[in-house]
Amino acid sequence: MMKFISLLLNSLIFLGFYVKVLNAQTKTEYANWLYKQGDYFRAISVYRELQFFSKDVDSINFYQFQIGKAYYRSGKHYNSIAEFVSLLERPISDEMKSTCLNMIALNYLNLSLPNQALYYATKAFEIDSIKASFTIGLIYANLYDWEKARGYFNKANASSSYGQISKVASENLATLNMLTNIKQKSPFVALFLSAIIPGAGQFYSGHYVDALQAFVFVGSFAYMSYIAYKYDNSKGKGYCNFWLSISITSLFYIANLIGAERTATYYNLKQKQSLVRKINEKSLMVFE
């Protein structure tokens, strides 16, 4: 009888443990499903619950890592950084440490803080140079330092054993090779054209509304200056109206020259940003 009771108790304990493990596994699958569906904040809530009740160190670290990624995907970059920094203080593998550092770097890059991003990517480089090379290449691409970006992407692409990282690095190199096909506008040419015909430089840079405004304003005030000159000349009492009018015209003419140079510079910047956007679309989720 005692043996039966003992066996029954052991069976109940085992059953309870099995149900607990099964429940944790089911919840983890549910949290992962929410994450894949893009329901990041609900996923975070489930991961938090699992982390709180878990006694296994590796599981706790995994849940916190997933929380950091979910914050990253939801655009809550400071929250994501806090999770990864906290995780770095725990006993984790070098692989996870490297990924955490790279994720912190990517968060800072999304926050337009490239210097902070470079600091953490450099620390990751000390652990895993291939992964970190990819991140550093991405940072330099966002800084429009094409040569350094190429160098680091080449390093990340050198090892075929890194799968997705090597693949995307290769694609980024191909994208950077498109630089020769990017049409650039010369700020000097734009300035020169607008010096001859107001608005011509803006038209050259593809800013047609600005071109029309510059032409109309400068042309109108130039015509007013001519009328003022004829009026003052007919009165023979000095050229006060003419000098006032020509001063205003000069201001609009100078503004037209500055605008021409800036529209060409802005056009070139937009071309660079378009190239970087293509790289970022493929790269910012590479550590998923």
- [ ] Give a yes-or-no answer on whether the side chains of N115 and Y108 include a donor-acceptor pair shorter than 3.5 Å.
- [x] no
TODO: Determine, using ring centers only, whether F65 and F84 are less than 6.0 Å apart.
DONE: yes
Open item on the list: Salt bridge or not between E83 and R48? Use side-chain N to carboxylate O under 4.0 Å.
Closed with: yes
Task: S98 side-chain N/O to D94 backbone N/O, donor-acceptor pair under 3.5 Å - done: no
Task: Donor-acceptor side-chain pairing of Y204 and S186 below 3.5 angstrom - done: no
- [ ] Hey, can you tell me if H207 and Y266 have their rings parallel, tilted or perpendicular (30° and 60° cut-offs)?
- [x] perpendicular
Task: Side chain S166, main chain N157, donor-acceptor under 3.5 Å - done: no
Open item on the list: Quick one about E261 and T265 (side-chain donor to acceptor, distance below 3.5 Å, no hydrogens or angles considered), yes or no?
Closed with: yes
- [ ] Please determine if E281 and K278 form a salt bridge, counting it only when a charged side-chain N lies under 4.0 Å from a carboxylate O.
- [x] no
TODO: Could you tell me whether a side-chain N or O of S129 sits under 3.5 Å from a main-chain N or O of F125, the two making a donor and an acceptor?
DONE: no
Open item on the list: Taking side-chain hydrogen bond (donor to acceptor under 3.5 Å, both in side chains) as the definition, give me every residue that meets it alongside N32, ordered by chain and number, with sequence neighbours left out.
Closed with: Y47
TODO: State, to 0.1 Å, how close A214 and P198 come at their nearest heavy-atom pair, and which atoms those are.
DONE: O-CB, 4.0 Å
TODO: Compute the ring centroids of H77 and Y72, then answer whether they are less than 6.0 Å apart.
DONE: yes
Task: Listed partners of R262 passing salt bridge (Lys or Arg N to Asp or Glu O under 4.0 Å), at least two apart - done: none
Open item on the list: Quick check against the 3.5 Å criterion: does N107 have a side-chain atom that pairs as donor or acceptor with the backbone of Y78?
Closed with: no
Open item on the list: Quick check on the 6.0 Å ring-centre criterion: do Y40 and Y35 meet it?
Closed with: yes
Task: Separation of E126 CD from L101 CG (nearest 0.5 Å) - done: 9.0 Å
TODO: Tell me, please, whether Y144 has K272 positioned over its six-membered ring: NZ or CZ under 6.0 Å from the ring centre and within 45 degrees of its axis?
DONE: yes
Task: Flag, side chain of T263 to backbone of A260, donor-acceptor distance under 3.5 Å - done: yes
Open item on the list: Please verify the inter-ring angle class for F221 with F252; under 30° counts as parallel, over 60° as perpendicular, anything in between as tilted.
Closed with: parallel
TODO: Would you please indicate yes or no on a ring centroid separation below 6.0 angstrom for Y152 and F134?
DONE: no
Open item on the list: Among residues at least two apart in sequence or on other chains, which ones pass side-chain hydrogen bond (donor to acceptor under 3.5 Å, both in side chains) with Y120?
Closed with: none
Task: Atom pair CD (Q213) and CG (N256), whose distance is rounded to the nearest 0.5 Å - done: 11.5 Å
